[in-house]
Structures are given as C-alpha cells and as structure tokens.
Asks: 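I'd like to ask some things about the structure below.
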Amino acid sequence: MILLILILKTFGGDGIYIGRNATGVSYSSRINVSQGILNNNRRNGISIISGKDIIVENVTIKNTNGTNPMAGIDLEPNLPDEFLYNINLNNISTINNKIDGIKIVFHKLVNSSNILININKHNDIGSPNPLTVVGYDYDTKAKGILNYSSAKWNNNKNIRIQRKLSKDIDLNIQKIDINGRLYNKNINISNIQR
C-alpha cells in the first residue's frame with residue numbers, strides 16, 4: 001500500500017497509526033508513507049506499533065503536543081508478538097515536537113528477533129530529544145539491529161537512552177551533525193547499557 005500525504009494536521013490522537021491489521025495478523029506490512037507534512041497532532045505525528053516492510057520517506061512532522069508520548073515518530077509495540085522489522089525512515093524532518101523527534105521503544109518485544117530499523121537522513125530542529133531509545137527493565141532475549149545515520153540536529157539536547165538495551169540489539173549510530181559539529185564515528189551503544 002502506498003500512502004501519499006499532503007497535510008495532516010490537528011488530529012486528536014496520532015496523525016498516522018500503523019499496527020495490527022484488521023484480519024488478526026499481529027502486524028501491517030508493505031506500507032509506504034511518502035511526502036507531506038504532519039502538523040500539530042495531539043499524541044504522535046506517526047505511530048508504528050507493529051509492522052514489516054514499512055517505508056516512511058520525505059515527510060516533515062512538527063509541533064506534536066498535547067498528551068504523551070508527543071513524538072514526531074514513535075515506534076512502540078504494545079504486545080510481545082508484534083514486529084518492528086524492516087522499518088525504513090528516510091529523509092525525515094522533525095521540528096519542535098514537544099518531547100521527541102523519533103522515539104523507539106523496545107521493552108514489549110521480550111523474546112523477539114523481529115527488530116530491524118534503518119533511519120537515514122533525520123533532521124531535527126527544536127525537539128528536546130531528537131532521538132530516544134527505550135530498552136528494558138529486565139534481561140531479555142530480544143535481538144535486532146537499529147541503524148541510525150546521516151542526521152542533523154539543531155537546538156537539541158542529545159540522544160536519550162532509557163533503561164538498558166538487550167545485549168543482542170545493536171544500536172549503530174554514525175554521521176551526526178549536532179548544532180554544526182559533525183560526529184563521524186560509528187557508535188555502537190549496545191555495549192554501554194549492560
């Protein structure tokens with residue numbers, strides 16, 4: 001399914017919600033969200049709760065505010081059988097979202113190997129946390145990869161890591177320009193959170 005958007009604004013919840021499909025399968029698949037602006041949505045600009053082969057590209061999400069989590073894009077499964085597999089966010093701009101530009105929450109994926117997320121060319125202006133990653137309160141067997149590269153952040157704090165990550169989730173971060181200073185090392189933070 002291809003979804004071309006022009007402007008989605010002032011929704012009482014999420015601008016776009018991708019989750020379990022209507023036939024009872026625990027994920028939606030092959031969705032492409034391309035072009036457009038999501039502005040002033042109350043909860044999240046885009047929520048990806050469970051998906052496989054999802055592409056979000058060339059989208060601007062701004063001014064998300066009202067009720068938590070208040071992220072431009074929130075990847076946050078609700079149940080252990082859900083997926084964040086082959087999720088690709090390309091050329092995303094997040095601007096002045098109340099809490100996070102992009103938020104990724106793993107803690108419901110307890111024994112999952114359903115994690116593969118690629119984020120390339122994320123630009124954030126003014127969201128307090130351009131990238132937040134939430135891990136686990138306990139040991140888990142979750143496995144996967146999060147690749148994050150070629151980002152530009154202005155007027156932000158920093159990467160926010162909450163809870164510890166599974167030892168088998170690789171978080172690879174590279175080529176980030178923070179307020180005009182380029183960080184060009186590949187950072188694998190999964191080893192830090194043990």
Side-chain angles (χ1 to χ4, degrees), residues 18-20 25-34 44-59 61 69 71-94 100-124 127 129-153 158-178 182-194:
I18 299 170
R20 299 174 90 84
V25 176
S26 68
Y27 59 89
S28 293
S29 63
R30 298 186 308 268
I31 295 174
N32 186 341
V33 177
S34 183
N44 290 315
I46 299 174
S47 289
I48 301 175
I49 305 306
S50 187
K52 285 184 175 181
D53 304 319
I54 307 294
I55 298 171
V56 178
E57 60 188 359
N58 305 314
V59 174
I61 305 117
I73 300 177
D74 183 21
L75 286 73
E76 185 170 357
N78 293 325
L79 298 167
D81 67 335
E82 294 178 328
F83 291 76
L84 291 176
Y85 192 78
N86 201 25
I87 308 297
N88 296 284
L89 309 180
N90 301 309
N91 198 29
I92 303 297
S93 293
T94 53
D100 302 300
I102 296 176
K103 182 173 189 173
I104 304 163
V105 180
F106 292 121
H107 74 266
K108 294 289 175 99
L109 297 177
V110 180
N111 294 309
S112 177
S113 57
N114 302 328
I115 301 167
L116 175 59
I117 301 166
N118 298 298
I119 302 170
N120 188 43
K121 295 185 181 173
H122 169 220
N123 297 309
D124 187 281
S127 304
N129 305 294
L131 176 63
T132 293
V133 179
V134 180
Y136 301 86
D137 290 326
Y138 45 82
D139 291 331
T140 178
K141 296 183 190 225
K143 297 178 183 175
I145 299 170
L146 167 58
N147 295 310
Y148 184 91
S149 64
S150 301
K152 186 173 183 178
W153 303 341
N158 211 332
I159 297 172
R160 182 170 64 148
I161 306 290
Q162 296 178 312
R163 305 178 186 160
K164 67 179 184 177
L165 294 178
S166 165
K167 64 180 178 164
D168 295 318
I169 296 178
D170 291 324
L171 176 54
N172 302 305
I173 298 175
Q174 59 185 342
K175 299 180 193 167
I176 300 177
D177 179 322
I178 302 174
L182 180 63
Y183 295 85
N184 200 19
K185 292 182 180 178
N186 185 38
I187 304 166
N188 183 318
I189 331 186
S190 61
N191 295 324
I192 297 171
Q193 301 297 317
R194 304 237 160 99

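Computed from a predicted model, the values in this text were never measured in an experiment.
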Asks: Examine distances only and state if a side-chain atom of T94 and a backbone atom of G72 form a donor-acceptor pair shorter than 3.5 Å.
Replies: no
Asks: Could you check whether any side-chain heavy atom of N120 comes within less than 4.5 Å of a side-chain heavy atom of N147, counting everything from C-beta outward?
Replies: no
Asks: Any side-chain heavy atom of N32 sitting closer than 4.5 Å to one from E57?
Replies: yes
Asks: Show the numbers, then the answer: is there a side chain to side chain contact (heavy atoms under 4.5 Å, CB included) between I104 and L131?
Replies: CA-CA 8 Å; I104 304 163; L131 176 63; 4.2 Å; yes
Asks: So I49 and E82, do their side chains get closer than 4.5 Å, heavy atoms only?
Replies: yes
Asks: Under the ring pair (Phe, Tyr, Trp, His ring centres under 6.0 Å) test, which residues partner Y27, sequence neighbours left out?
Replies: F83
Asks: For S28 and I18, indicate whether the former's side chain and the latter's backbone hold a donor-acceptor pair under 3.5 Å.
Replies: no
Asks: Got V56 and I48 here, is their nearest side-chain heavy-atom distance under 4.5 Å?
Replies: yes
Asks: Answer yes or no: is there a side-chain heavy-atom contact under 4.5 Å between I119 and I73?
Replies: no
Asks: State which residues pass side-chain contact (heavy atoms from CB on, under 4.5 Å) with N88; sequence neighbours excluded, sorted by chain then number.
Replies: I55, N86, N90, N118
Asks: Checking side-chain contact (heavy atoms from CB on, under 4.5 Å) between I117 and each of F106, Y85, Y148, which is the one that passes?
Replies: F106
Asks: Under the side-chain contact (heavy atoms from CB on, under 4.5 Å) test against D74, which residue among I102, T132, V105, D100 passes?
Replies: V105
Asks: Do I92 and I61 come close enough that some side-chain heavy atom pair is under 4.5 Å?
Replies: yes
Asks: Looking at side-chain heavy atoms only, is the closest gap between K103 and N44 below 4.5 Å?
Replies: no
